[in-house]
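Here's the structure we're looking at; comments come further down.
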Amino acid sequence: PLGRQRPGRRRRPGRSRRGGAAAGMGLEPLFQAWSCFRRRKFRQCSDLCSQLLEGSPGEQVVGAGAEGGGAAWSLKTRALTEMVYVDEIDMDEEGIAEMMLDENAIAQVARPGTSLKLPGTSQGGGPSPAVRPVTQSGRPITGFVRPSTQSGRPSTVEQAIKTPRTTLTSRPITSASGRFVRLGTASMLTNPDGPFINLSRLNLAKYAQKPKLAKALFDYIFHHENDVKNALDLAALATEHAQFKDWWWKVQIGKCYYRLGLYREAEKQFKSALKQQDMVDTVLYLAKVYLRLDQPVTALNLFKQGLDRFPGEVTLICGIARIYEEMNNISSAAEYYKDVLKQDNTHVEAIACIGSNHFYSDQPEIALRFYRRLLQMGVYNCQLFNNLGLCCFYAQQYDMTLSSFERALFLAENEEETADVWYNLGHVAVGIGDVNLAYQCFKLALVNNNDYAEAYNNLAVLEMRKGHVEQARALLLTASSLAPHMYEPHFNFAVLSEKVGDLQRSYTAAQKSAEAFPGHVDTQQLIKQLKQHFAML
(Lines give C-alpha, C1' and ligand atoms only; values in the text may rest on other atoms or scores of the structure.)
Protein backbone atom coordinates (compact mmCIF):
# COMPACT_ATOMS: atom_id res chain seq x y z
CA PRO A 1 0.00 0.00 0.00
CA LEU A 2 1.04 3.62 -0.57
CA GLY A 3 2.84 5.37 2.24
CA ARG A 4 4.37 2.21 3.73
CA GLN A 5 8.07 1.38 3.48
CA ARG A 6 10.10 -1.66 4.32
CA PRO A 7 12.29 -1.03 7.35
CA GLY A 8 15.94 -0.50 6.53
CA ARG A 9 15.54 -0.09 2.75
CA ARG A 10 14.63 3.56 2.32
CA ARG A 11 15.05 6.37 4.75
CA ARG A 12 13.32 9.68 5.01
CA PRO A 13 15.15 12.69 3.55
CA GLY A 14 17.37 14.27 6.15
CA ARG A 15 18.10 11.01 8.04
CA SER A 16 21.42 9.31 7.32
CA ARG A 17 22.94 6.03 8.40
CA ARG A 18 25.62 7.73 10.47
CA GLY A 19 23.42 10.26 12.21
CA GLY A 20 23.78 13.07 9.68
CA ALA A 21 27.57 12.85 9.43
CA ALA A 22 27.60 12.48 5.59
CA ALA A 23 29.50 15.68 4.70
CA GLY A 24 27.10 17.64 6.86
CA MET A 25 24.29 17.36 4.31
CA GLY A 26 22.18 14.81 6.14
CA LEU A 27 21.94 12.64 2.99
CA GLU A 28 22.90 9.04 2.42
CA PRO A 29 26.27 8.87 0.61
CA LEU A 30 24.70 7.31 -2.50
CA PHE A 31 22.02 10.02 -2.75
CA GLN A 32 24.68 12.65 -2.10
CA ALA A 33 26.83 11.20 -4.90
CA TRP A 34 23.82 11.24 -7.24
CA SER A 35 23.15 14.87 -6.25
CA CYS A 36 26.78 15.78 -7.08
CA PHE A 37 26.44 14.02 -10.44
CA ARG A 38 23.29 15.98 -11.27
CA ARG A 39 25.11 19.23 -10.40
CA ARG A 40 28.09 18.19 -12.58
CA LYS A 41 30.48 17.91 -9.62
CA PHE A 42 31.94 14.73 -11.05
CA ARG A 43 35.12 14.60 -8.95
CA GLN A 44 33.11 14.74 -5.70
CA CYS A 45 30.68 12.16 -7.05
CA SER A 46 33.55 9.80 -7.96
CA ASP A 47 35.15 10.17 -4.50
CA LEU A 48 31.87 9.43 -2.72
CA CYS A 49 31.29 6.33 -4.88
CA SER A 50 34.86 5.17 -4.13
CA GLN A 51 34.16 5.42 -0.39
CA LEU A 52 30.97 3.40 -0.83
CA LEU A 53 32.74 0.71 -2.88
CA GLU A 54 35.58 0.46 -0.37
CA GLY A 55 32.96 -0.06 2.34
CA SER A 56 31.43 -3.01 0.47
CA PRO A 57 34.31 -5.11 -0.88
CA GLY A 58 33.56 -7.68 -3.54
CA GLU A 59 30.71 -5.70 -5.05
CA GLN A 60 32.95 -3.48 -7.18
CA VAL A 61 33.03 -5.70 -10.25
CA VAL A 62 30.02 -7.87 -9.56
CA GLY A 63 27.48 -5.10 -10.05
CA ALA A 64 24.78 -7.23 -8.43
CA GLY A 65 21.44 -5.71 -7.55
CA ALA A 66 20.03 -2.29 -8.25
CA GLU A 67 21.33 -0.84 -4.96
CA GLY A 68 24.55 -0.88 -2.97
CA GLY A 69 27.74 -1.62 -4.85
CA GLY A 70 26.04 -2.01 -8.25
CA ALA A 71 24.49 1.46 -8.16
CA ALA A 72 27.69 3.07 -6.84
CA TRP A 73 29.78 1.23 -9.45
CA SER A 74 27.52 2.35 -12.28
CA LEU A 75 27.39 5.95 -10.99
CA LYS A 76 31.19 6.13 -10.69
CA THR A 77 31.69 4.88 -14.28
CA ARG A 78 29.26 7.56 -15.49
CA ALA A 79 31.00 10.30 -13.44
CA LEU A 80 34.46 9.32 -14.76
CA THR A 81 33.09 9.24 -18.32
CA GLU A 82 31.54 12.72 -17.99
CA MET A 83 34.88 14.15 -16.79
CA VAL A 84 36.55 13.40 -20.14
CA TYR A 85 33.48 13.24 -22.42
CA VAL A 86 33.82 14.88 -25.83
CA ASP A 87 30.90 14.94 -28.26
CA GLU A 88 31.92 12.68 -31.15
CA ILE A 89 29.70 14.50 -33.68
CA ASP A 90 31.60 17.80 -33.74
CA MET A 91 35.02 16.64 -32.62
CA ASP A 92 36.84 15.34 -35.66
CA GLU A 93 40.51 15.60 -36.52
CA GLU A 94 42.23 14.25 -39.60
CA GLY A 95 45.91 13.43 -39.38
CA ILE A 96 48.39 13.06 -42.24
CA ALA A 97 47.76 9.30 -42.29
CA GLU A 98 44.00 9.74 -42.76
CA MET A 99 44.42 12.48 -45.38
CA MET A 100 47.11 11.00 -47.59
CA LEU A 101 46.89 7.22 -47.09
CA ASP A 102 43.17 6.99 -47.74
CA GLU A 103 42.01 3.57 -48.90
CA ASN A 104 38.45 4.79 -49.45
CA ALA A 105 39.18 7.22 -52.28
CA ILE A 106 36.50 6.74 -54.92
CA ALA A 107 37.96 8.93 -57.68
CA GLN A 108 41.40 10.49 -57.81
CA VAL A 109 40.14 13.26 -60.12
CA ALA A 110 36.64 14.11 -58.91
CA ARG A 111 34.11 16.07 -60.94
CA PRO A 112 33.88 19.77 -60.04
CA GLY A 113 31.46 20.40 -57.19
CA THR A 114 31.53 16.82 -55.86
CA SER A 115 34.67 16.81 -53.72
CA LEU A 116 36.03 18.68 -50.71
CA LYS A 117 39.61 18.11 -51.90
CA LEU A 118 39.36 20.41 -54.92
CA PRO A 119 39.45 23.94 -53.46
CA GLY A 120 38.21 25.92 -56.45
CA THR A 121 35.15 23.81 -57.21
CA SER A 122 31.64 25.19 -57.29
CA GLN A 123 32.38 28.89 -56.93
CA GLY A 124 29.03 30.16 -55.69
CA GLY A 125 29.36 33.91 -55.59
CA GLY A 126 32.06 33.95 -52.94
CA PRO A 127 34.63 36.76 -52.83
CA SER A 128 38.03 36.20 -54.47
CA PRO A 129 41.30 35.61 -52.54
CA ALA A 130 42.11 39.27 -53.28
CA VAL A 131 39.37 40.23 -50.82
CA ARG A 132 38.94 37.27 -48.50
CA PRO A 133 41.98 35.39 -47.16
CA VAL A 134 42.14 31.65 -47.84
CA THR A 135 43.39 28.63 -45.91
CA GLN A 136 46.18 26.35 -47.12
CA SER A 137 43.63 24.15 -48.92
CA GLY A 138 42.35 27.15 -50.91
CA ARG A 139 39.03 27.69 -49.10
CA PRO A 140 37.99 31.09 -47.74
CA ILE A 141 38.60 31.50 -44.02
CA THR A 142 35.33 30.88 -42.15
CA GLY A 143 33.80 33.18 -39.56
CA PHE A 144 33.82 30.46 -36.91
CA VAL A 145 36.66 28.10 -35.97
CA ARG A 146 35.75 24.40 -36.16
CA PRO A 147 38.06 21.36 -36.06
CA SER A 148 37.77 20.82 -39.83
CA THR A 149 38.21 24.46 -40.93
CA GLN A 150 41.79 24.94 -39.83
CA SER A 151 43.80 22.09 -41.32
CA GLY A 152 42.35 21.77 -44.83
CA ARG A 153 43.19 18.88 -47.13
CA PRO A 154 46.73 19.13 -48.55
CA SER A 155 47.30 17.61 -51.99
CA THR A 156 50.74 16.10 -51.31
CA VAL A 157 52.49 14.51 -48.32
CA GLU A 158 55.23 17.15 -48.52
CA GLN A 159 52.65 19.94 -48.33
CA ALA A 160 50.92 18.22 -45.38
CA ILE A 161 54.15 17.95 -43.39
CA LYS A 162 55.11 21.56 -44.17
CA THR A 163 51.74 22.95 -43.12
CA PRO A 164 52.51 26.47 -41.85
CA ARG A 165 51.58 27.54 -38.36
CA THR A 166 49.97 30.74 -39.57
CA THR A 167 46.38 31.61 -38.66
CA LEU A 168 46.55 28.89 -36.03
CA THR A 169 46.80 26.09 -38.62
CA SER A 170 49.02 23.78 -36.64
CA ARG A 171 50.79 20.93 -38.39
CA PRO A 172 48.37 18.02 -38.82
CA ILE A 173 48.90 15.18 -36.38
CA THR A 174 50.30 12.02 -37.94
CA SER A 175 47.28 9.87 -37.14
CA ALA A 176 44.01 10.44 -35.32
CA SER A 177 44.25 6.97 -33.73
CA GLY A 178 47.53 8.02 -32.08
CA ARG A 179 45.74 10.96 -30.50
CA PHE A 180 43.18 8.68 -28.88
CA VAL A 181 45.96 6.56 -27.35
CA ARG A 182 47.44 9.70 -25.80
CA LEU A 183 43.99 10.73 -24.60
CA GLY A 184 43.62 7.36 -22.92
CA THR A 185 46.88 7.76 -21.01
CA ALA A 186 45.89 11.30 -20.02
CA SER A 187 42.61 10.04 -18.57
CA MET A 188 44.64 8.02 -16.04
CA LEU A 189 45.13 11.33 -14.22
CA THR A 190 41.49 11.13 -13.11
CA ASN A 191 42.47 7.98 -11.16
CA PRO A 192 45.82 8.45 -9.42
CA ASP A 193 45.63 4.95 -7.87
CA GLY A 194 45.41 3.26 -11.26
CA PRO A 195 42.48 2.30 -13.47
CA PHE A 196 39.07 1.96 -11.82
CA ILE A 197 38.19 -1.11 -13.94
CA ASN A 198 40.76 -3.65 -15.11
CA LEU A 199 39.51 -4.19 -18.66
CA SER A 200 41.70 -7.22 -19.35
CA ARG A 201 39.94 -9.18 -16.56
CA LEU A 202 36.37 -8.12 -17.40
CA ASN A 203 33.91 -10.79 -18.45
CA LEU A 204 32.24 -8.77 -21.21
CA ALA A 205 29.71 -11.50 -22.04
CA LYS A 206 28.28 -11.29 -18.50
CA TYR A 207 27.93 -7.50 -18.61
CA ALA A 208 26.35 -7.61 -22.07
CA GLN A 209 23.35 -9.40 -20.52
CA LYS A 210 22.68 -6.48 -18.14
CA PRO A 211 21.64 -3.64 -20.49
CA LYS A 212 21.69 -0.79 -17.96
CA LEU A 213 25.15 -1.63 -16.63
CA ALA A 214 26.43 -2.44 -20.12
CA LYS A 215 25.59 1.02 -21.48
CA ALA A 216 27.42 2.81 -18.64
CA LEU A 217 30.37 0.43 -19.04
CA PHE A 218 30.53 0.97 -22.81
CA ASP A 219 30.65 4.76 -22.41
CA TYR A 220 33.42 4.36 -19.82
CA ILE A 221 35.53 2.08 -22.05
CA PHE A 222 34.97 4.18 -25.19
CA HIS A 223 35.37 7.71 -23.80
CA HIS A 224 37.46 7.33 -20.65
CA GLU A 225 39.80 4.46 -21.54
CA ASN A 226 39.67 5.01 -25.33
CA ASP A 227 39.90 1.24 -25.78
CA VAL A 228 37.91 0.91 -29.00
CA LYS A 229 38.52 -2.84 -29.44
CA ASN A 230 37.05 -3.82 -26.05
CA ALA A 231 34.21 -1.32 -26.52
CA LEU A 232 33.41 -2.90 -29.89
CA ASP A 233 33.44 -6.41 -28.38
CA LEU A 234 31.04 -5.34 -25.61
CA ALA A 235 28.71 -3.59 -28.10
CA ALA A 236 28.68 -6.64 -30.39
CA LEU A 237 27.80 -8.97 -27.49
CA ALA A 238 25.14 -6.57 -26.19
CA THR A 239 23.44 -6.11 -29.58
CA GLU A 240 23.41 -9.88 -29.99
CA HIS A 241 21.80 -10.24 -26.55
CA ALA A 242 19.19 -7.63 -27.61
CA GLN A 243 18.51 -9.78 -30.72
CA PHE A 244 19.75 -6.94 -32.97
CA LYS A 245 16.69 -4.85 -32.10
CA ASP A 246 18.35 -2.11 -30.02
CA TRP A 247 19.26 0.85 -32.24
CA TRP A 248 21.48 2.41 -29.53
CA TRP A 249 23.99 -0.43 -29.69
CA LYS A 250 24.12 -0.24 -33.48
CA VAL A 251 25.05 3.44 -33.26
CA GLN A 252 27.82 2.61 -30.77
CA ILE A 253 29.19 -0.14 -33.05
CA GLY A 254 29.15 2.43 -35.88
CA LYS A 255 31.14 4.87 -33.72
CA CYS A 256 33.72 2.16 -32.98
CA TYR A 257 34.06 1.29 -36.68
CA TYR A 258 34.46 5.00 -37.49
CA ARG A 259 37.29 5.34 -35.00
CA LEU A 260 38.96 2.26 -36.46
CA GLY A 261 38.73 3.73 -39.97
CA LEU A 262 36.22 1.14 -41.22
CA TYR A 263 33.88 3.71 -42.75
CA ARG A 264 31.82 1.40 -44.96
CA GLU A 265 31.04 -0.88 -41.98
CA ALA A 266 30.15 2.19 -39.91
CA GLU A 267 27.81 3.35 -42.70
CA LYS A 268 25.96 -0.02 -42.60
CA GLN A 269 25.48 0.18 -38.83
CA PHE A 270 24.18 3.76 -38.88
CA LYS A 271 21.77 2.97 -41.75
CA SER A 272 20.47 -0.07 -39.85
CA ALA A 273 19.98 2.06 -36.69
CA LEU A 274 18.08 4.68 -38.71
CA LYS A 275 15.67 2.03 -40.02
CA GLN A 276 14.83 1.00 -36.44
CA GLN A 277 14.76 4.46 -34.85
CA ASP A 278 14.92 7.80 -36.63
CA MET A 279 17.31 10.00 -34.64
CA VAL A 280 19.00 13.30 -35.48
CA ASP A 281 22.29 12.15 -33.92
CA THR A 282 22.42 9.08 -36.15
CA VAL A 283 21.89 11.25 -39.25
CA LEU A 284 24.79 13.47 -38.11
CA TYR A 285 27.06 10.45 -37.55
CA LEU A 286 26.21 9.05 -40.99
CA ALA A 287 26.87 12.43 -42.65
CA LYS A 288 30.24 12.51 -40.87
CA VAL A 289 31.09 9.15 -42.46
CA TYR A 290 30.21 10.46 -45.93
CA LEU A 291 32.31 13.60 -45.40
CA ARG A 292 35.29 11.47 -44.38
CA LEU A 293 34.75 9.44 -47.57
CA ASP A 294 34.81 12.78 -49.46
CA GLN A 295 31.19 12.51 -50.61
CA PRO A 296 29.76 15.95 -49.73
CA VAL A 297 26.86 15.66 -52.20
CA THR A 298 25.68 12.42 -50.52
CA ALA A 299 25.97 14.11 -47.11
CA LEU A 300 23.93 17.09 -48.39
CA ASN A 301 21.18 14.77 -49.67
CA LEU A 302 21.17 12.92 -46.33
CA PHE A 303 20.79 16.20 -44.40
CA LYS A 304 17.95 17.32 -46.68
CA GLN A 305 16.14 13.97 -46.21
CA GLY A 306 16.64 14.40 -42.46
CA LEU A 307 15.04 17.86 -42.66
CA ASP A 308 11.94 16.27 -44.28
CA ARG A 309 11.57 14.07 -41.19
CA PHE A 310 12.77 16.66 -38.63
CA PRO A 311 11.69 20.03 -40.07
CA GLY A 312 13.50 23.01 -38.58
CA GLU A 313 16.23 20.93 -36.88
CA VAL A 314 19.08 23.44 -36.36
CA THR A 315 21.97 20.93 -36.39
CA LEU A 316 20.90 19.56 -39.78
CA ILE A 317 20.53 23.03 -41.38
CA CYS A 318 23.88 24.04 -39.90
CA GLY A 319 25.44 20.84 -41.32
CA ILE A 320 24.24 21.79 -44.83
CA ALA A 321 25.61 25.34 -44.42
CA ARG A 322 29.03 24.02 -43.31
CA ILE A 323 29.31 21.71 -46.35
CA TYR A 324 28.41 24.52 -48.76
CA GLU A 325 30.99 26.72 -47.07
CA GLU A 326 33.68 24.04 -47.39
CA MET A 327 32.79 23.61 -51.08
CA ASN A 328 33.30 27.36 -51.63
CA ASN A 329 29.60 27.95 -52.31
CA ILE A 330 29.41 30.98 -50.04
CA SER A 331 26.04 32.35 -51.19
CA SER A 332 24.21 29.02 -50.51
CA ALA A 333 26.00 28.72 -47.15
CA ALA A 334 24.81 32.21 -46.16
CA GLU A 335 21.20 31.32 -47.08
CA TYR A 336 21.26 28.22 -44.88
CA TYR A 337 22.90 30.11 -42.00
CA LYS A 338 19.99 32.58 -42.25
CA ASP A 339 17.61 29.60 -42.02
CA VAL A 340 19.46 28.54 -38.86
CA LEU A 341 18.82 31.98 -37.34
CA LYS A 342 15.10 31.71 -38.18
CA GLN A 343 14.96 28.64 -35.92
CA ASP A 344 17.50 29.72 -33.29
CA ASN A 345 18.31 33.44 -33.24
CA THR A 346 21.11 32.98 -30.67
CA HIS A 347 23.19 30.55 -32.78
CA VAL A 348 26.72 31.98 -32.42
CA GLU A 349 28.23 30.11 -35.37
CA ALA A 350 25.54 31.28 -37.82
CA ILE A 351 25.76 34.93 -36.66
CA ALA A 352 29.58 34.91 -36.89
CA CYS A 353 29.61 33.31 -40.37
CA ILE A 354 26.98 35.68 -41.79
CA GLY A 355 28.85 38.64 -40.23
CA SER A 356 32.18 37.63 -41.81
CA ASN A 357 30.43 37.03 -45.17
CA HIS A 358 28.97 40.56 -45.13
CA PHE A 359 32.34 42.03 -44.12
CA TYR A 360 34.18 40.40 -47.03
CA SER A 361 31.31 41.33 -49.38
CA ASP A 362 32.10 45.00 -48.69
CA GLN A 363 29.17 45.54 -46.32
CA PRO A 364 30.92 46.40 -43.02
CA GLU A 365 27.88 48.25 -41.60
CA ILE A 366 25.71 45.10 -41.83
CA ALA A 367 28.56 42.95 -40.44
CA LEU A 368 28.79 45.39 -37.52
CA ARG A 369 25.16 44.71 -36.63
CA PHE A 370 25.81 40.96 -36.46
CA TYR A 371 28.93 41.36 -34.31
CA ARG A 372 27.09 43.77 -31.99
CA ARG A 373 24.41 41.11 -31.65
CA LEU A 374 27.08 38.65 -30.46
CA LEU A 375 28.26 41.25 -27.94
CA GLN A 376 24.69 41.64 -26.63
CA MET A 377 24.46 37.85 -26.25
CA GLY A 378 27.41 37.84 -23.86
CA VAL A 379 30.22 36.75 -26.19
CA TYR A 380 33.15 38.73 -24.84
CA ASN A 381 36.51 37.79 -26.32
CA CYS A 382 39.51 39.11 -28.26
CA GLN A 383 38.29 37.89 -31.68
CA LEU A 384 34.95 39.69 -31.39
CA PHE A 385 36.49 43.07 -30.49
CA ASN A 386 39.08 42.56 -33.23
CA ASN A 387 36.25 42.11 -35.76
CA LEU A 388 34.32 45.06 -34.30
CA GLY A 389 37.40 47.27 -34.70
CA LEU A 390 37.81 46.31 -38.36
CA CYS A 391 34.09 46.80 -39.10
CA CYS A 392 34.11 50.23 -37.44
CA PHE A 393 37.17 51.27 -39.45
CA TYR A 394 35.77 50.20 -42.81
CA ALA A 395 32.35 51.66 -41.91
CA GLN A 396 34.17 54.98 -41.18
CA GLN A 397 33.21 54.98 -37.49
CA TYR A 398 36.72 55.98 -36.49
CA ASP A 399 35.85 56.95 -32.90
CA MET A 400 35.19 53.28 -31.99
CA THR A 401 38.03 51.67 -33.94
CA LEU A 402 41.01 52.17 -31.63
CA SER A 403 39.01 51.55 -28.43
CA SER A 404 37.81 48.20 -29.87
CA PHE A 405 41.38 47.18 -30.69
CA GLU A 406 42.55 48.27 -27.21
CA ARG A 407 39.89 46.04 -25.66
CA ALA A 408 40.92 43.19 -28.00
CA LEU A 409 44.58 43.53 -26.86
CA PHE A 410 43.45 43.50 -23.24
CA LEU A 411 41.40 40.30 -23.79
CA ALA A 412 44.00 38.43 -25.88
CA GLU A 413 44.69 35.05 -24.30
CA ASN A 414 47.81 34.06 -26.26
CA GLU A 415 50.50 35.53 -28.49
CA GLU A 416 48.76 34.51 -31.74
CA GLU A 417 45.69 36.56 -30.81
CA THR A 418 47.87 39.54 -29.86
CA ALA A 419 49.66 39.25 -33.21
CA ASP A 420 46.32 39.31 -35.05
CA VAL A 421 45.31 42.54 -33.30
CA TRP A 422 48.64 44.27 -34.03
CA TYR A 423 48.44 43.15 -37.67
CA ASN A 424 44.97 44.68 -38.02
CA LEU A 425 46.16 47.87 -36.31
CA GLY A 426 48.90 47.98 -38.94
CA HIS A 427 46.21 47.79 -41.62
CA VAL A 428 44.36 50.69 -40.02
CA ALA A 429 47.60 52.69 -39.90
CA VAL A 430 48.21 52.05 -43.63
CA GLY A 431 44.61 53.14 -44.29
CA ILE A 432 45.09 56.50 -42.56
CA GLY A 433 48.53 57.00 -44.14
CA ASP A 434 50.68 56.67 -40.99
CA VAL A 435 53.49 54.52 -42.43
CA ASN A 436 55.69 54.66 -39.31
CA LEU A 437 52.86 53.43 -37.07
CA ALA A 438 52.09 50.66 -39.58
CA TYR A 439 55.78 49.60 -39.57
CA GLN A 440 55.80 49.40 -35.76
CA CYS A 441 52.50 47.44 -35.68
CA PHE A 442 53.70 44.82 -38.19
CA LYS A 443 56.95 44.47 -36.24
CA LEU A 444 54.97 43.93 -33.03
CA ALA A 445 52.84 41.31 -34.81
CA LEU A 446 56.04 39.42 -35.72
CA VAL A 447 57.36 39.73 -32.16
CA ASN A 448 54.25 37.92 -30.92
CA ASN A 449 54.02 35.41 -33.78
CA ASN A 450 57.20 34.78 -35.73
CA ASP A 451 55.35 32.80 -38.43
CA TYR A 452 52.93 35.54 -39.49
CA ALA A 453 53.31 35.45 -43.30
CA GLU A 454 50.91 38.35 -43.93
CA ALA A 455 52.93 40.64 -41.64
CA TYR A 456 56.19 39.70 -43.43
CA ASN A 457 54.54 40.51 -46.77
CA ASN A 458 53.22 43.91 -45.65
CA LEU A 459 56.55 44.82 -44.01
CA ALA A 460 58.23 44.01 -47.32
CA VAL A 461 55.88 46.41 -49.13
CA LEU A 462 56.79 49.17 -46.65
CA GLU A 463 60.51 48.40 -47.11
CA MET A 464 60.06 48.61 -50.90
CA ARG A 465 58.52 52.06 -50.50
CA LYS A 466 61.59 53.12 -48.49
CA GLY A 467 63.85 51.76 -51.23
CA HIS A 468 65.34 48.91 -49.14
CA VAL A 469 65.26 46.28 -51.89
CA GLU A 470 67.36 43.53 -50.26
CA GLN A 471 65.40 43.63 -46.99
CA ALA A 472 62.13 43.52 -48.92
CA ARG A 473 63.32 40.48 -50.92
CA ALA A 474 64.32 38.62 -47.75
CA LEU A 475 60.95 39.35 -46.11
CA LEU A 476 59.01 38.25 -49.22
CA LEU A 477 60.99 35.00 -49.45
CA THR A 478 60.16 34.30 -45.79
CA ALA A 479 56.46 35.06 -46.38
CA SER A 480 56.22 32.84 -49.48
CA SER A 481 57.93 29.91 -47.72
CA LEU A 482 55.61 30.23 -44.69
CA ALA A 483 52.42 30.53 -46.75
CA PRO A 484 52.79 29.03 -50.24
CA HIS A 485 48.99 29.20 -50.65
CA MET A 486 48.99 33.04 -50.57
CA TYR A 487 49.44 34.80 -53.90
CA GLU A 488 50.56 38.20 -52.55
CA PRO A 489 54.18 37.33 -51.53
CA HIS A 490 54.77 35.56 -54.88
CA PHE A 491 53.37 38.49 -56.89
CA ASN A 492 55.27 41.12 -54.88
CA PHE A 493 58.50 39.13 -55.25
CA ALA A 494 57.88 38.85 -59.01
CA VAL A 495 57.38 42.63 -59.33
CA LEU A 496 60.48 43.37 -57.23
CA SER A 497 62.66 40.91 -59.18
CA GLU A 498 61.44 42.36 -62.47
CA LYS A 499 62.39 45.88 -61.33
CA VAL A 500 65.97 44.86 -60.49
CA GLY A 501 66.30 42.89 -63.76
CA ASP A 502 66.16 39.32 -62.38
CA LEU A 503 63.62 38.15 -64.98
CA GLN A 504 63.97 34.41 -64.42
CA ARG A 505 63.14 34.60 -60.69
CA SER A 506 60.37 37.06 -61.48
CA TYR A 507 58.81 34.60 -63.97
CA THR A 508 59.01 31.69 -61.49
CA ALA A 509 57.36 33.74 -58.72
CA ALA A 510 54.66 35.01 -61.11
CA GLN A 511 53.83 31.41 -62.08
CA LYS A 512 53.41 30.52 -58.40
CA SER A 513 51.18 33.56 -57.93
CA ALA A 514 49.02 32.52 -60.91
CA GLU A 515 48.76 29.00 -59.47
CA ALA A 516 47.60 30.33 -56.07
CA PHE A 517 45.09 32.80 -57.61
CA PRO A 518 44.34 32.09 -61.30
CA GLY A 519 42.04 35.12 -61.67
CA HIS A 520 44.59 37.78 -60.67
CA VAL A 521 44.80 40.20 -63.63
CA ASP A 522 48.07 41.91 -62.61
CA THR A 523 49.85 38.55 -62.44
CA GLN A 524 48.63 37.63 -65.92
CA GLN A 525 49.85 40.97 -67.31
CA LEU A 526 53.26 40.54 -65.66
CA ILE A 527 53.65 37.03 -67.13
CA LYS A 528 52.70 38.40 -70.55
CA GLN A 529 55.35 41.15 -70.27
CA LEU A 530 58.01 38.66 -69.16
CA LYS A 531 57.21 36.34 -72.06
CA GLN A 532 57.66 39.26 -74.45
CA HIS A 533 61.07 39.98 -72.85
CA PHE A 534 62.11 36.35 -73.24
CA ALA A 535 60.92 36.33 -76.87
CA MET A 536 63.09 39.38 -77.61
CA LEU A 537 66.11 37.65 -76.03
Side-chain angles (χ1 to χ4, degrees), residues 40 85-93 116 124-127 132 135 139-150 168 278-288 290-291 296 299-361 363-388 390-391 404 408 411 413 417:
R40 301 188 67 79
Y85 178 78
V86 176
D87 189 0
E88 288 282 301
I89 292 170
D90 275 339
M91 197 59 208
D92 192 18
E93 287 186 74
L116 296 174
R132 186 170 189 163
T135 60
R139 290 195 209 102
I141 288 178
T142 59
F144 191 84
V145 176
R146 296 184 295 274
S148 61
T149 59
Q150 292 298 78
L168 298 181
D278 220 356
M279 295 290 286
V280 176
D281 276 10
T282 317
V283 174
L284 293 170
Y285 281 124
L286 187 53
K288 199 170 135 180
Y290 287 135
L291 288 174
L300 279 173
N301 292 334
L302 179 72
F303 278 135
K304 285 170 182 174
Q305 289 164 15
L307 279 174
D308 293 338
R309 303 192 297 273
F310 302 100
E313 175 58 43
V314 170
T315 48
L316 298 180
I317 306 171
C318 196
I320 295 173
R322 286 177 185 178
I323 294 173
Y324 276 130
E325 196 169 41
E326 286 196 39
M327 289 169 70
N328 247 355
N329 195 341
I330 304 295
S331 54
S332 297
E335 289 302 317
Y336 276 98
Y337 277 129
K338 284 173 185 171
D339 288 345
V340 169
L341 290 182
K342 285 175 188 171
Q343 305 295 333
D344 175 11
N345 58 9
T346 58
H347 199 277
V348 175
E349 180 181 343
I351 296 172
C353 288
I354 293 172
S356 68
N357 188 38
H358 280 302
F359 177 79
Y360 288 118
S361 301
Q363 297 172 322
E365 298 87 359
I366 302 174
L368 192 59
R369 285 175 56 192
F370 282 95
Y371 288 127
R372 280 174 56 197
R373 169 73 176 156
L374 285 177
L375 199 61
Q376 288 167 352
M377 282 165 49
V379 178
Y380 194 79
N381 57 25
C382 168
Q383 291 87 349
L384 181 56
F385 279 102
N386 197 356
N387 293 351
L388 282 167
L390 280 175
C391 288
S404 294
L411 292 170
E413 293 176 356
E417 290 179 3

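Distance check, rounded to the nearest 0.5 Å: CD of E413 to CG of N381 gives 7.5 Å. Remark: I323 CD1 to Y290 OH distance equals 12.0 Å, nearest 0.5 Å. A distance of 13.0 Å separates CG in D339 from CG in D344, rounded to the nearest 0.5 Å. For the atom pair SG of C353 and CD1 of I330, the computed distance is 9.0 Å after rounding to the nearest 0.5 Å. Put simply, CZ on R373 and CD1 on I351 are 5.5 Å apart, with the number rounded to the nearest 0.5 Å. Interatomic distance, I354 CD1 to E349 CD, rounded to the nearest 0.5 Å: 10.5 Å.
Nearest heavy-atom pair, C382 versus A408, reported as atom, atom and distance to 0.1 Å: SG-O, 3.4 Å. C391 and L368 get closest at one heavy-atom pair: CB-CD1, 3.6 Å. The two atoms that bring K304 and I320 nearest to each other are CG-CD1, 3.9 Å, heavy atoms only. The two residues V283 and L302 have their closest heavy-atom pair at O-CD2, 3.5 Å. Between Y336 and A321 the shortest heavy-atom distance is CB-CB, 3.7 Å. The shortest non-hydrogen separation linking A334 to N357 is CB-ND2, 3.4 Å.
Applying the side-chain contact (heavy atoms from CB on, under 4.5 Å) test between P296 and each of M327, E326, R322 identifies M327 as the sole match.
Using a 4.5 Å heavy-atom cutoff, the side chains of F303 and L284 are in contact. Put simply, the side chain of I317 does not reach to within 4.5 Å of the side chain of K342, judged on heavy atoms. Within the 4.5 Å cutoff, side-chain heavy atoms of F385 are placed close to those of L411.
With Y371 contributing its side chain and S356 its backbone, the two residues share a donor-acceptor pair below 3.5 Å.
Shown here are the ring pair (Phe, Tyr, Trp, His ring centres under 6.0 Å) partners of H358, two or more places apart in sequence or in another chain: F370.
Within 6.0 Å of CZ in R40 there are 12 or fewer heavy atoms belonging to other residues, nucleotides or ligands.
There is no side-chain donor-acceptor pair under 3.5 Å between Y324 and E335.
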